[in-house]
Number of protein chains: 2
Amino acid sequence: MPDFIYNGKIYYNPVEFAMDQIGGTWKMPILWRLKGRKMRYSELQKDIPHITQKMLSTQLKELEKNGFITKKVFPTVPPKTEYALTAKGKRAIAVITVIREYGLELMKESGTTHRSAGE
Amino acid sequence: MPDFIYNGKIYYNPVEFAMDQIGGTWKMPILWRLKGRKMRYSELQKDIPHITQKMLSTQLKELEKNGFITKKVFPTVPPKTEYALTAKGKRAIAVITVIREYGLELMKESGTTHRSAGE
DNA sequence: CGGCATCCTGAACGATACTG
DNA sequence: CAGTATCGTTCAGGATGCCG
């Protein structure tokens, strides 16, 4: 598998590249929430359990930079922002869906303990 | 999305759970090599560029523990081991294929630079 | 050949406080 | 409301050396 360079970083395979774009703890959960509707910053924070404000902010910025989401700022008082998926972001949803269903399958197999509600 | 517990660790969503099982830098590349054939330790190490011995060893152990691969030891001199996919591991290949193709697609879009051969 | 033990670094992530 | 700034911690992963 060839090596690739993007933004000065070396990737050893396509999987690694994909995971750097939509992987990590928070990117898929964020994209997943935006499936189907625009959301405000505070909505996302309320909707995604355990995410810190710093992580939300950082990840949103990266997702925007990589073209998965758009950010629209309304210059009102108080300020208002809206995050939405781009076409690229919607394409990612298809992949996330596959991974997500696989995760559910694995959980079922593993007899993983359910703890609390919240999705 | 509910929280889950597995092996004493808390997961916030199915995606995170799946990624903990087959994610990280090396697990998918390893599983991918085992698609279709058994491989020895040294074969894997030669075949996967840049992986250190420690990472290969650690990841193989985790993959075995989680039921994705089997390890067969031949008590010969010198020692010989063979790693192979289980049914669970083969199921993972389907998911990896999707992610991998998505990665290739992303690379193409991104005009990512090709560096060297070697897959 | 097929590993394990040890030490170490850097990036990811978290907590807290502050601001336009 | 929607963030930024700063500081502290954790941990994946790398480097090196040794062993059955």
Side-chain angles (χ1 to χ4, degrees), chain A residues 3 6-13 15-17 19-30 33-34 38-66 69-84, chain B residues 3 7-13 15-16 19-30 33-34 38-66 69-84:
Chain A
D3 292 357
Y6 182 67
N7 272 347
K9 193 178 167 191
I10 301 180
Y11 298 91
Y12 302 137
N13 52 68
V15 169
E16 194 189 351
F17 185 66
M19 283 304 103
D20 204 51
Q21 302 267 318
I22 64 168
T25 310
W26 302 113
K27 288 200 178 70
M28 295 201 215
I30 291 171
R33 310 288 154 150
L34 293 174
K38 295 177 270 195
M39 287 183 81
R40 304 182 56 164
Y41 186 90
S42 50
E43 279 184 294
L44 283 167
Q45 190 164 14
K46 259 191 301 186
D47 238 52
I48 303 175
H50 315 288
I51 195 170
T52 63
Q53 178 277 334
K54 177 188 176 180
M55 281 304 105
L56 180 55
S57 169
T58 320
Q59 304 304 305
L60 284 172
K61 214 172 293 178
E62 288 178 25
L63 286 171
E64 190 194 358
K65 181 185 118 203
N66 289 325
I69 62 174
T70 56
K71 171 184 180 176
K72 186 170 180 184
V73 182
F74 297 85
T76 57
V77 178
K80 175 180 171 179
T81 55
E82 268 181 4
Y83 293 93
Chain B
D3 293 357
N7 272 348
K9 192 176 168 193
I10 301 181
Y11 299 90
Y12 302 139
N13 52 69
V15 169
E16 193 190 350
M19 284 304 101
D20 204 51
Q21 303 265 319
I22 63 169
T25 310
W26 303 113
K27 289 201 178 71
M28 295 201 216
I30 291 172
R33 310 289 154 149
L34 293 174
K38 296 177 267 195
M39 288 183 82
R40 302 182 58 165
Y41 187 90
S42 50
E43 279 184 293
L44 283 166
Q45 190 164 14
K46 259 191 299 184
D47 237 53
I48 303 176
H50 315 288
I51 194 169
T52 63
Q53 178 280 322
K54 177 189 176 180
M55 280 305 104
L56 180 55
S57 168
T58 317
Q59 304 305 305
L60 284 172
K61 212 173 293 175
E62 288 177 26
L63 286 171
E64 189 193 1
K65 182 185 117 202
N66 290 324
I69 63 175
T70 55
K71 171 184 180 176
K72 186 170 179 184
V73 181
F74 297 86
T76 56
V77 178
K80 174 182 172 180
T81 55
E82 268 181 4
Y83 294 92

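Residue numbers start from 1 in every chain, and the chains themselves are labelled A, B, ... in the order their sequence lines are given, proteins ahead of strands.
Contact of the B/Lys27 side chain with the B/Ile30 side chain is not registered, since no non-hydrogen atoms from C-beta on lie closer than 4.5 Å. Taking the side chain as every heavy atom from C-beta outward, A/Tyr41 and A/Leu60 approach each other to under 4.5 Å.
Spacing between atom CD of B/Gln53 and atom P of D/dG17 amounts to 14 Å, rounded to whole angstrom units. Per the geometry, CG belonging to B/Leu60 stands 15 Å off C1' belonging to D/dG13, to the nearest Å. A straight line from CG of A/Leu63 to P of D/dG3 spans 13 Å, rounded to a whole angstrom. In this structure, A/Met39 atom CE and D/dC1 atom P are separated by 14 Å, rounded to whole Å.
Backbone-only engagement by A/Tyr83 is indicated by non-hydrogen atom pairs under 4.0 Å involving sugar-phosphate atoms exclusively. Using a 4.0 Å heavy-atom cutoff across all strands shown, A/Thr76 reaches no nucleic acid atom at all. Heavy atoms of B/Gln45 sit nowhere under 4.0 angstrom from any nucleic acid atom.
Nearest heavy-atom pair across B/Lys38 and B/Ala84 is CG-CB, 3.6 Å.
Comparing B/Val73 and A/Lys54 by the nucleotide of DNA chain C whose heavy atom lies nearest to each, the residue mapping closer to the 5' end is B/Val73. The nearest heavy atom of DNA chain D to A/Lys61 and to A/Pro78 marks one nucleotide each, and the one closer to the 5' end goes with A/Pro78. Summary of the strand contacts: A/Lys9 and A/Pro79 both lie near DNA chain C, and taking for each the nucleotide with the nearest heavy atom, the more 5' one is attributed to A/Lys9. Mapped onto DNA chain D by nearest heavy atom, B/Ile51 and A/Ser57 fall at different nucleotides, with A/Ser57 at the one closer to the 5' end.
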**Message:** One pair to check against side-chain contact (heavy atoms from CB on, under 4.5 Å): A/Ile22 and A/Met19. What are the steps and the verdict?
**Reply:** CA-CA 5 Å; A/Ile22 64 168; A/Met19 283 304 103; 4.3 Å; yes
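No donor-acceptor pair closer than 3.5 Å links the side chain of B/Ser57 to the backbone N or O of B/Gln53. Without hydrogens or angle criteria, B/Asn7 side chain to B/Lys9 main chain gives no donor-acceptor distance under 3.5 Å.
Ring orientation note: the planes of B/His50 and A/Tyr12 are close to parallel, at an angle under 30° on the 30°/60° scale.
For B/Thr52, counting side-chain heavy atoms from C-beta on, the closest listed nucleotide (D/dA2, D/dA15, D/dG3) is D/dA15.
In 5' to 3' order, the nucleotides of DNA chain C bounding all contacts with chain A (an atom under 4.0 Å from a heavy atom) are C/dC13 to C/dG20.
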